[in-house]
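Every chain is numbered from 1 and lettered A, B, ... according to where its sequence line falls, protein lines coming before strand lines.
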Protein chains: 2
Amino acid sequence: MARMRTAPCPVMRTVDLVGDKWTLLILRDAFDGLRRFSQFQRSLGIAKNILSDRLAALVASGIMRTEPASDGTSYHAYVLTEKGLELFDLIVTLRQWGERNAFESGEEYRTLIDETTGEPLARVTYVRPDGRPLRRGETRLGDFRSMD
Amino acid sequence: MARMRTAPCPVMRTVDLVGDKWTLLILRDAFDGLRRFSQFQRSLGIAKNILSDRLAALVASGIMRTEPASDGTSYHAYVLTEKGLELFDLIVTLRQWGERNAFESGEEYRTLIDETTGEPLARVTYVRPDGRPLRRGETRLGDFRSMD
DNA sequence: CGAACTGGTTTCGAATCAAAACCTACTAGT
DNA sequence: ACTAGTAGGTTTTGATTCGAAACCAGTTCG
């Protein structure tokens with residue numbers, strides 16, 4: 001894979017960091033509250049070397065970090081950094097698309113509960129800072145801009 | 001990889017369909033207006049067999065479809081279906097996270113222009129149907145629900 | 001103390017990736 | 001009509017990655 005790390009496209013940079021099946025599922029589990037190596041491993045049924053590799057990559061890219069000791073034990077935990085927490089919308093987006101496009105009628109799926117209502121989270125939509133909704137086709141590729 | 005196609009988790013189903021670096025980049029390009037095999041190939045620098053494989057998978061899962069003839073030529077085009085167009089938010093999410101988290105100060109990145117303002121797209125946020133913003137930590141894993 | 005658990009690393013065969021070569025259909029130029 | 005070049009692939013062939021299992025050192029539990 002080419003030099004994604006230095007590409008000028010933000011999508012490519014993001015994809016390079018989290019565009020992997022296991023990585024995305026680890027992030028999902030992290031948002032569901034999982035923190036420890038063995039929790040991820042049991043939840044995902046992932047080989048330990050792969051999990052080790054993905055977690056190390058997430059830590060290296062600043063999306064997760066290891067915490068010395070969460071509970072009483074001396075084992076450490078993998079937790080999302082602020083940068084990682086900002087991926088919340090990504091997991092929500094994956095979930096909502098899947099709910100609407102990846103299940104047949106009658107199939108069961110696991111919902112996400114909106115704790116402000118107690119009901120399954122309704123469809124969320126993107127709005128601009130001024131509150132106007134963002135619709136498909138309202139954007140086009142622009143030119144280059146320098147990072148703040 | 002386990003039986004993702006039948007998993008009850010919408011995130012896993014989605015990840016199974018689009019959770020691949022090339023697939024996500026193909027989708028980005030598709031939203032940028034690319035339609036033809038050679039356009040994707042030149043834009044991404046991807047090997048032709050891999051591109052062929054990924055496009056076939058996207059067509060098989062109903063995210064893209066082949067159109068007989070877009071312009072005068074008899075070659076066909078790969079276009080997003082309605083199901084594929086619904087992935088717009090996903091690409092936007094990847095882009096916005098990358099803009100804010102994957103570039104150093106001074107680095108240049110390619111923006112997305114908001115055609116309703118002519119300016120680069122500002123940060124978009126998720127709102128519920130009633131307009132209330134969705135914040136991190138306002139959700140928790142729920143139970144099973146049957147598809148409509 | 002011994003057993004089990006945690007958080008890995010190593011090994012190695014299997015699967016996947018990707019560069020290159022090849023191929024066929026079409027199209028453009030002369 | 002002949003030829004070159006492009007479009008859209010498939011096949012072949014190494015190189016890389018994946019992942020199951022084995023192994024291992026430290027920790028905690030009984």
| note | By nearest-nucleotide position on DNA chain D, the 5'-leaning member of Asp20(A) and Lys48(A) is Asp20(A)
| task | Identify, between Gln39(B) and Asn49(B), the residue whose nearest nucleotide on DNA chain D lies closer to the 5' end. | result |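 Per heavy-atom nearest nucleotide, the more 5' residue is Gln39(B).
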| said: Is there a path of hydrophobic side-chain contacts, each under 4.5 Å between heavy atoms of I/L/V/M/F/W/Y residues, joining Met12(B) to Ile50(A)? | reply: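 As far as the 4.5 Å side-chain criterion goes, Met12(B) and Ile50(A) are connected within one cluster.
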| said: Please determine whether residues Met4(B) and Leu58(B) belong to a single hydrophobic cluster, defined as Ile, Leu, Val, Met, Phe, Trp and Tyr linked transitively by side-chain heavy-atom distances below 4.5 Å. | reply: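 Same cluster: Met4(B) reaches Leu58(B) through Ile, Leu, Val, Met, Phe, Trp or Tyr contacts under 4.5 Å.
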| field | Closest to the Ser52(A) side chain, choosing from dG8(C), dG8(D), dC17(C) | value | dG8(C)
| message | Checking contacts here: which listed nucleotide (dA7(D), dG7(C), dC18(D)) is nearest the side-chain heavy atoms of Ile50(A)? | response |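 Out of dA7(D), dG7(C), dC18(D), the nucleotide with an atom closest to Ile50(A)'s side chain is dC18(D).
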[atom1] of [X] versus [atom2] of [N]: gap in Å, rounded?
| X | N | atom1 | atom2 | result |
| --- | --- | --- | --- | --- |
| Met4(A) | dC17(C) | CE | C1' | 13 Å |
| Asp53(B) | dA15(C) | CG | P | 16 Å |
| Leu51(B) | dC17(C) | CG | P | 13 Å |
| Lys21(B) | dC17(C) | NZ | P | 12 Å |
| Phe40(B) | dA7(D) | CZ | C1' | 14 Å |
| Ile26(B) | dG8(D) | CD1 | P | 14 Å |
| Phe37(B) | dC26(C) | CZ | C1' | 16 Å |
| Arg35(B) | dA7(D) | CZ | C1' | 16 Å |

Give a yes/no answer on whether the side chain of [X] brings an N or O atom under 4.0 Å of OP1 or OP2 in [N].
| X | N | value |
| --- | --- | --- |
| Trp22(A) | dG19(D) | yes |
| Arg42(A) | dT6(C) | yes |
| Arg36(A) | dC5(C) | no |
| His76(B) | dA7(D) | no |

| query | Which atoms form the tightest heavy-atom contact between Glu108(A) and Phe103(A), and what is the distance? | reply |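 Minimum heavy-atom contact is O-CE2, 3.6 Å.
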| Any donor-acceptor pair under 3.5 Å from Thr81(B) side chain to Arg65(B) backbone |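 Side chain of Thr81(B) to backbone of Arg65(B): no pair is present.
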| query | In terms of the angle between their ring planes, are Phe37(B) and Tyr78(B) parallel, tilted or perpendicular, with boundaries placed at 30° and 60°? | reply |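 Ring orientation, 0 to 90° scale: tilted.
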| said: Students often get this wrong, so: under 4.0 angstrom with heavy atoms, is Tyr78(B) touching a base, only sugar-phosphate, or nothing? | reply: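 Contact class for Tyr78(B): sugar-phosphate only.
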